[in-house]
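Everything on this sheet refers to the single structure shown next.
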Amino acid sequence: MAREYHKTKSSAWSPRYPERWISIMEKDAFPWLGSLPLSSIIPPMLLQVLRRVEARGAHETAHTLRQWSGQVFRHGIATGRCTSNPAPDLQGALVPEQVKHMAAVLEPVKAGELMRAIAAYAGQPATRAALHLSALLFQRPGNIRQMRWANVDLEKAMWTIPAADMKRTKSAKINGRPHLVPLPAQAVEILEDLKPLTGHGQYVFPSLPTGERPMSDNTVNTALRRMGFDNTEMTAHGFRAMARTIMVEQMDVEPELIEAQLAHGKSGPLGAAYDRAEFVVKRRKMMQLWADHLDELRQGAKFLAFRAA
């Protein structure tokens, strides 16, 4: 039943998700439940399987397995192979998940220290540019390091990330809109300075050995360590949390506007409206105010306030 569900659904799932889904099932569920009819599996039987996963300290995997087992039972109910789903009843029986947040600088004063450290970074110019753009643009680390010159319009100050490069479902990658990232003046200046160094190739931040691939996913994190920020203080992904926290708490920016720029799923009264072209004006203003604010923090000055037009 699990394999049937996997075969039915996996074509619409994002890359790597189908492989992980079936791998966890094969490792943690099939050896004990795989030969049994769904209709014979009661909550204590499924709980015993989940307890085995917990016993090795894999609490997150136990919750994932409970959720995915529930998908199999729902498929069984829909196709007439069983009449009940034991998974939902076990949610409160598991050890609570310990949510891990990516380390991030969230205090304005500390953000100023970070920006001064980036400005003084003595490593590769492309790495310093990647650090600075990570702070200015707060996009996912994978999108930053895989930025292509073909998708950057310096004249219009816009970076267009194709839907296929975004963290989305397979269908959204194929049919979704590209993600627009307005470039503040500071970002345009950084890219203009970098273009003579890497503009002859495909990637804005090419790997040093060949230049045919983007820089390693460890490059920005390694640079942060060299600058004195350990992995409990700041990570490449932490630039996103830094921007969101400071803009909401210190600059009074609309959370929905930030979420749109982060390319998160939209919620709230404005919904998907921020995807529309006319809201690029608002997001462009926000990005410039954020870049100016980072300059102020780097210089140790006071906060700037944002008010949407």
Is it true that K110 and E113 make a salt bridge, defined as a side-chain N closer than 4.0 Å to a carboxylate O?
yes
Atom of W149, atom of G201 and distance for their closest heavy-atom approach:
CD1-O, 3.5 Å
Give, for atom OG of S134 and atom CZ of R140, the distance between the pair rounded to the nearest 0.5 Å.
13.5 Å
Looking at R225 and F229, would you say the former's side chain and the latter's main chain have a donor-acceptor pair under 3.5 Å?
yes
Side-chain touch L191/L133, heavy atoms, less than 4.5 angstrom:
yes
Before giving the answer on side-chain contact (heavy atoms from CB on, under 4.5 Å), spell out for M242 and L294 the whole-Å C-alpha distance, their side-chain angles and the decisive distance to 0.1 Å.
CA-CA 11 Å; M242 183 178 83; L294 287 178; 4.3 Å; yes
Measure across A260 and R283 and return the closest heavy-atom pair with its distance rounded to 0.1 Å.
CB-CD, 4.2 Å
Could you walk me through whether R56 and D28 pass side-chain contact (heavy atoms from CB on, under 4.5 Å), step by step?
CA-CA 11 Å; R56 66 173 192 262; D28 293 318; 3.0 Å; yes
Answer yes if the side chains of Y121 and R226 hold a donor-acceptor pair under 3.5 Å, and no otherwise.
yes
Check this for me: does any side-chain nitrogen of one of K195 and E192 sit under 4.0 Å from a carboxylate oxygen of the other?
no
Are side-chain heavy atoms of N231 and N221 found at a separation under 4.5 Å?
no
Looking only at atom types and distance, does a side-chain atom of H237 sit under 3.5 Å from a main-chain N or O of P141, one as donor and one as acceptor?
no
Return yes when atom CZ of R51 has more than 12 non-hydrogen atoms of other residues, nucleotides or ligands closer than 6.0 Å, and no otherwise.
yes
More than 12 non-hydrogen atoms from neighbouring residues, nucleotides or ligands closer than 6.0 Å to CD on E107, yes or no?
no
Is it the case that the side chain of R116 and the backbone of R298 share a donor-acceptor pair, with hydrogens and angles ignored and the cut-off at 3.5 Å?
yes
For the residue pair D295 and Q186, confirm or rule out a side-chain donor-acceptor distance under 3.5 Å.
yes
Is it true that, when you exclude Q91 itself, more than 12 heavy atoms of the residues, nucleotides or ligands shown sit nearer than 6.0 Å to its CD?
no
Within a strict 4.5 Å, meaning less than it, do heavy atoms of the N143 and M166 side chains meet?
yes
With hydrophobic residues grouped by side-chain heavy-atom distances under 4.5 Å, do L38 and I77 end up in a single group?
no
Gap separating the OG1 atom of T198 from the OH atom of Y203, nearest 0.5 angstrom
12.5 Å
Would you compute the distance between atom CG of L154 and atom CG of L183 and round it to the nearest 0.5 angstrom?
7.0 Å
Q261 side chain near Q139 side chain, heavy-atom distance below 4.5 Å
yes
Within a strict 4.5 Å, meaning less than it, do heavy atoms of the I161 and P178 side chains meet?
no
Which residue, I246, I258, L137, forms the side chain to side chain contact (heavy atoms under 4.5 Å, CB included) with W290?
I246
Where do Y17 and W68 land on the ring pair (Phe, Tyr, Trp, His ring centres under 6.0 Å) test, with the steps shown first?
CA-CA 12 Å; Y17 185 79; W68 291 352; 5.4 Å; yes
Any idea which heavy atoms bring S84 and F73 closest together, and the distance?
O-CD2, 3.8 Å
Heavy-atom donor-acceptor pair, Q250 side chain to P108 backbone, under 3.5 Å:
no
Classify the side-chain pair W21/Q71 by whether it contains a donor and acceptor separated by less than 3.5 Å.
yes
Minimum-distance pair of heavy atoms, taken over all atoms of P43 and L90:
O-CD1, 3.7 Å
Could you check if a side-chain atom of L136 sits within less than 4.5 angstrom of a side-chain atom of I190, using non-hydrogen atoms only?
yes
Is the shortest side-chain heavy-atom distance between F138 and L262 below 4.5 Å?
yes
Keeping R148 on the side-chain end and Q202 on the backbone end, is there a donor-acceptor pair under 3.5 Å?
no
Here the pair of heavy atoms bringing G70 nearest to A87 is CA-CB, 3.5 Å
Look at D193 together with R128 and state whether they make a salt bridge at an N to O cut-off of under 4.0 Å.
no
Apply side-chain contact (heavy atoms from CB on, under 4.5 Å) to the pair T219 and R145, showing each step before the final yes or no.
CA-CA 9 Å; T219 301; R145 69 184 187 85; over 6 Å; no
Distance in Å, S207 OG paired with E212 CD, rounded so as to fall on 0.5 Å steps
8.0 Å
Point-to-point distance, once rounded to the nearest 0.5 Å, from CD of E4 to OG1 of T8:
5.5 Å
Under 3.5 Å, is there a donor-acceptor pair between the side chain of Q288 and the main chain of A185?
yes
Just wondering, do L94 and L47 contact through their side chains at under 4.5 Å, heavy atoms?
yes
F239 and A135: which non-hydrogen atoms are nearest, and at how many Å?
CD2-CA, 3.5 Å
Among the clusters formed by ILVMFWY side chains lying less than 4.5 Å apart, do I41 and W32 turn up in the same one?
yes
Any chance you could lay out the side-chain contact (heavy atoms from CB on, under 4.5 Å) test for Q299 and M115, step after step, and finish with the verdict?
CA-CA 9 Å; Q299 297 163 9; M115 297 311 296; over 6 Å; no
For W159, does its backbone N or O pair with a side-chain atom of H179 as donor and acceptor, under 3.5 Å?
no
Please determine if E26 and R3 form a salt bridge, counting it only when a charged side-chain N lies under 4.0 Å from a carboxylate O.
yes
When hydrophobic residues are tied together by side-chain contacts of less than 4.5 Å, even through go-betweens, does V188 share a cluster with M286?
yes
Say whether L106 and M234 are linked into one hydrophobic cluster, either directly or through other cluster members, by side-chain heavy-atom distances under 4.5 angstrom.
no
Hey, could you give me the NE2/CZ distance between H75 and R81, rounded to the nearest 0.5 Å?
5.5 Å
